[in-house]
Each structure stands twice: as C-alpha cells, then as structure tokens.
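Since we're looking at a predicted model, the values are computed, not measured.
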Amino acid sequence: MAFASSVKEIKGDGNLPKLVLTSTHGEAEIYLFGGCVTSWKVASGKDLLFVRPDAVFNGQKPISGGIPHCFPQFGPGPMQQHGFARNMNWSVVDSENVEGNPVVTLELKDGPYSRSMWDFSFQALYKVTLNKSSLSTELIITNTDKKQFSFSTALHTYFRASVTGASVKGLKGCKTLNKDPDPSNPLEGKEERDVITFPGFVDCIYLDAPNVLHLDNGLGDIITVRNTNWSDTVLWNPYQQMEACYRDFVCVENAKSIMENGISQDVLFNCLPNKRIHHLIEKVQLEPEQSWTAIQHLSID
C-alpha cells in the first residue's frame, strides 16, 4: 500500500520491517513484528521510551521494550506469558496525515499460530498517532467468531528513566495487589502514598486506577499517562533481576484484566485451583461482532 508522506517503512534491527513516523515535532518507530512501538522522540530529540539491551530482533522472541502488546492474556495463564500478539506480524491497513500529524493503523487477525493457543477468530486494530508532544494509541478488539470469548490485555510500556529519581502520582486510594515479596501470593492492600517511588523490586497491580497519572522519569520530564477504558495500572521494575538495565527504565502499564470479586486474571491463574479459575474467568466475554476499545495518550508539557 502507499504510505502517507510522513510515514515510511524501512528495515530495522534484524532486518525486521519498521515504520517511521515523522513530524516537525518528533518521531516514532513501530515494528510490525508484535505491533510494537519502540521509540517516541520529542522535538528535542530525546527518546521517552526504552528498549532493553537484551532485546532480540529475530522475528520469534517478543521485543523487550517500547510498548509491547499483551493479548489475549495479560500475565501467566493457560497459554504463554502475555499471550501471542507480541509474537505475531501485524499488517498496515491505513496511514494518513492529520493536520501534519502522522497516523498509522495496524491490524492483527487470527491464524494457525494464534489458534493453536486460543481457538477464536478476532480482529485487533491498533491506531498510533504522533502529535505535538504526545503519542496516542487506540486498540480495538473485535470478536469475528460465531461464539463468545474472553480476554485480558495490556500495554506493557517501558519508559526511559533514572530509577532512583522516578516517581508516579495519581494512584493514592487504589486497591492494590502487591506481588512483592511473593508473586504467587499477592498481598491485597490500599495505596496510601501520594508519590510512589521505585526503591527496589516493584511489581504491583492497581485496581480501578484513575484515568490520569503523572510519571516523573527522573530525567527532567513529566509524562502524563491518560487512558480511556483501561481499568487497571501495573507498576514494574525488576531491580537486580536485570542488573544490566533496571536503573534505566520503569514500566507504567495500562491493563484490562479479567476481574471477579476484585481478583485479576494473572493472580487467579497463579493462586487458585484450575477448575476454580476456569469457573471465574469464563463469565467475562465478548459476544460475536462486539468490539472493545481502549485508548492510551502519553504527553509531556
């Protein structure tokens, strides 16, 4: 297909196809493998996203960094960690310039690989818009099957940061599931802090999170994370489990987890017997021809 003038496709790392979105205000890069945004540069040239130094670009292993997709499963469960969307090739179905801002839409459909893990027909559309001082994504999941299905999903966003100076505001009062110190037995609680920092290992789910958060990346930038229809937020930093790079990023993830009685899907699969898990999660379903939409909007002042 012909691309808009502000969008071009080139060979990226590992010779994988990569889209480059360019405007007078900055640049973004998206790998078609995994539909993964790997770079968001603002007008100053600073990249606000982070790709881990151990990331592999071989078209088989998910790209570790940027904004990976978790679909149709967020976290562990009956299929591979975080599902299959980050392991598949997405296609470009549209590109345009909107008032000088590049916009691309990617598509993912079911195939033999996805059906080997999750036997449903679906369509995922992922619209990425590079605006002045912002990067927006819109994810639309449509059930194209003749039967109902359930799913969970997340954008596992890696932000470039100085972990000792990074902090997040806006989560005070949220119910939490803290996976430190024991990921298999999360501690239920309530966030009491106005400012959340990353002093060590952090892996915490914030249930029914607000639509606006503020990340201070410790590098002089305040990033506002706005969302529509993402119900939960996850903060993650692996600390010394990733000695080579944990100091250089934090993850602030928008998630839509399957919930039942305040328990998220990834916790259910870790902590409850399989029969009980199946009974709980089968109640959350998308009917045939129904769609679900969620938007993430990242911006700096």
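Residues that satisfy the ring pair (Phe, Tyr, Trp, His ring centres under 6.0 Å) test with Phe159, not counting sequence neighbours, are absent from this structure. Applying the salt bridge (Lys or Arg N to Asp or Glu O under 4.0 Å) criterion to Arg226, with sequence neighbours excluded, gives no partner residue. In this structure Asn254 satisfies the side chain to side chain donor-acceptor pair (under 3.5 Å) test together with Gln296, sequence neighbours excluded. Scanning for side-chain contact (heavy atoms from CB on, under 4.5 Å) contacts around Val93 gives Ser91, Thr105, Glu107, Leu125, with sequence neighbours left out. Residues satisfying the side chain to side chain donor-acceptor pair (under 3.5 Å) test with Thr142, not counting sequence neighbours, are Ser291. Among residues two or more places apart in sequence or in another chain, the side chain to side chain donor-acceptor pair (under 3.5 Å) test is passed with Asn97 by Ser5, Ser6. Shown here are the side chain to side chain donor-acceptor pair (under 3.5 Å) partners of Tyr31, two or more places apart in sequence or in another chain: there are none. With sequence neighbours excluded, the residues forming a side-chain contact (heavy atoms from CB on, under 4.5 Å) with Lys175 are Leu207, listed by chain and number. Residues forming a ring pair (Phe, Tyr, Trp, His ring centres under 6.0 Å) with Tyr158 (at least two apart in sequence, or on another chain): His156, Phe249.
Looking only at side-chain heavy atoms (C-beta outward), Leu108 and Met88 come within less than 4.5 Å of each other. At a threshold of 4.5 Å between non-hydrogen side-chain atoms, the residues Lys127 and Thr137 do not count as touching. In this structure the side chain of Asp221 reaches within 4.5 angstrom of the side chain of Leu48, judged on heavy atoms.
In this structure, CG in Leu235 is found 6.0 Å from CG in Leu171, a value given to the nearest 0.5 Å. Atoms OG1 and CG, from Thr144 and Leu286 in turn, are 10.0 Å apart once rounded to the nearest 0.5 Å. The CG atom of Asp94 sits 10.5 Å away from the CG atom of Leu106 when rounded to the nearest 0.5 Å. Within the model, atoms OG1 of Thr224 and CD1 of Ile300 stand 9.5 Å from one another, a figure rounded to the nearest 0.5 Å. Once rounded to the nearest 0.5 Å, the distance linking CD1 of Ile140 with OG1 of Thr293 reads 4.5 Å. Here the straight-line distance linking atom CG of Leu139 with atom OG1 of Thr228 works out to 12.5 Å at 0.5 Å rounding.
In this structure, the side chain of Gln80 engages the main chain of Gly83 through a donor-acceptor pair within 3.5 Å. Using modelled atom types, no side-chain atom of Glu99 and backbone atom of Asn101 make a donor-acceptor pair closer than 3.5 Å. Judged by distance alone, the side chain of Asp232 and the main-chain N or O of Asp208 form a donor-acceptor pair under 3.5 Å. Proximity of a side-chain donor or acceptor of Arg247 to a complementary backbone N or O of Ser162 within less than 3.5 Å is not detected. The closest donor-acceptor contact from the side chain of Asn217 to the backbone of Leu219 lies under 3.5 Å. The backbone N or O of Pro62 sits nowhere less than 3.5 Å from a side-chain atom of Arg86 that would complete a donor-acceptor pair. With Ser231 contributing its side chain and Lys256 its backbone, the two residues share no donor-acceptor pair below 3.5 Å. In terms of modelled atom types and a separation under 3.5 Å, the side chain of Asn58 and the main chain of Lys61 share a donor-acceptor contact. In this structure a side-chain-to-backbone donor-acceptor pair under 3.5 Å is present from Asn143 to Lys147.
The shortest non-hydrogen separation linking Pro210 to Asn227 is O-ND2, 3.4 Å. When all heavy atoms are compared, the tightest approach of Gln73 to Gly75 is NE2-O, 2.9 Å. In this structure, Phe50 and Cys245 approach most closely via the heavy-atom pair CZ-CB, 4.0 Å. Of all non-hydrogen atoms in Tyr206 and Cys174, the two that sit nearest each other are CD2-CB, 3.9 Å.
The pair Arg193-Glu191 meets the salt-bridge criterion, since a charged nitrogen lies less than 4.0 angstrom from a carboxylate oxygen.
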Residue pair Leu49, Ile67: steps toward the side chain to side chain contact (heavy atoms under 4.5 Å, CB included) verdict: CA-CA 8 Å; Leu49 300 180; Ile67 311 179; 4.0 Å; yes

Applying side-chain hydrogen bond (donor to acceptor under 3.5 Å, both in side chains) to Ser167 and Asp216, what does each step give before you reach the verdict? CA-CA 5 Å; Ser167 63; Asp216 183 337; 4.5 Å; no

Evaluate the criterion ring pair (Phe, Tyr, Trp, His ring centres under 6.0 Å) for residue pair His82 and Phe71; output intermediate values, then yes/no. CA-CA 6 Å; His82 293 324; Phe71 174 84; over 10 Å; no

Using side chain to side chain contact (heavy atoms under 4.5 Å, CB included), reason through Asp47 and Lys41 one step at a time and then give a plain yes or no. CA-CA 4 Å; Asp47 198 335; Lys41 293 179 181 177; 4.0 Å; yes

With a 3.5 Å cut-off and sequence neighbours excluded, list the donor-acceptor pairs that the side chains of residues 194-204 form with protein atoms.
unit_1	atom_1	unit_2	atom_2	d
Asp194	OD1	Lys172	NZ	3.4

Using a 3.5 Å cut-off and no angle test, enumerate the donor-acceptor pairs between side-chain atoms of residues 115-122 and protein atoms at least two apart in sequence or in another chain.
unit_1	atom_1	unit_2	atom_2	d
Arg115	NE	Asp110	OD2	3.1
Arg115	NH1	Asp119	OD1	2.4
Arg115	NH2	Ser121	OG	2.3
Ser116	OG	Tyr113	O	2.6

Only distances under 3.5 Å count here; give the side-chain donor-acceptor pairs of residues 7-25 to other protein atoms, sequence neighbours excluded, each with its distance to 0.1 Å.
unit_1	atom_1	unit_2	atom_2	d
Lys18	NZ	Glu29	OE1	3.2
Ser23	OG	His25	N	3.0
Ser23	OG	Gly26	N	3.4

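Under 3.5 Å, the side chains of Asp182 and Ser184 contain a donor-acceptor pair of N or O atoms.
When the side chains of ILVMFWY residues are joined at heavy-atom separations under 4.5 Å, either directly or via intervening members, Phe33 and Val37 end up in two distinct hydrophobic clusters. By the criterion of side-chain heavy atoms lying less than 4.5 angstrom apart, applied directly or through intervening Ile, Leu, Val, Met, Phe, Trp or Tyr residues, Val168 is grouped together with Tyr246 in one hydrophobic cluster. Linking ILVMFWY side-chain heavy atoms closer than 4.5 Å, directly or via other members, places Trp236 and Val51 in two distinct hydrophobic clusters. Leu155 and Val250 fall within the same hydrophobic cluster, where Ile, Leu, Val, Met, Phe, Trp and Tyr residues are linked whenever their side-chain heavy atoms come under 4.5 Å apart, directly or through other members. At a threshold of 4.5 Å between side-chain heavy atoms, the hydrophobic network of Ile, Leu, Val, Met, Phe, Trp and Tyr places Val92 and Ile30 in one connected group.
Taking a 6.0 Å sphere around CD of Glu243, one finds it holds more than 12 heavy atoms contributed by other residues, nucleotides or ligands. Crowding of Lys46 atom NZ: a count of heavy atoms from other residues, nucleotides or ligands under 6.0 Å exceeding 12.
Screening Phe74, Trp292, Phe84 against Phe151 for a ring-ring contact (aromatic ring centres under 6.0 Å, His included) leaves a single residue, Trp292.
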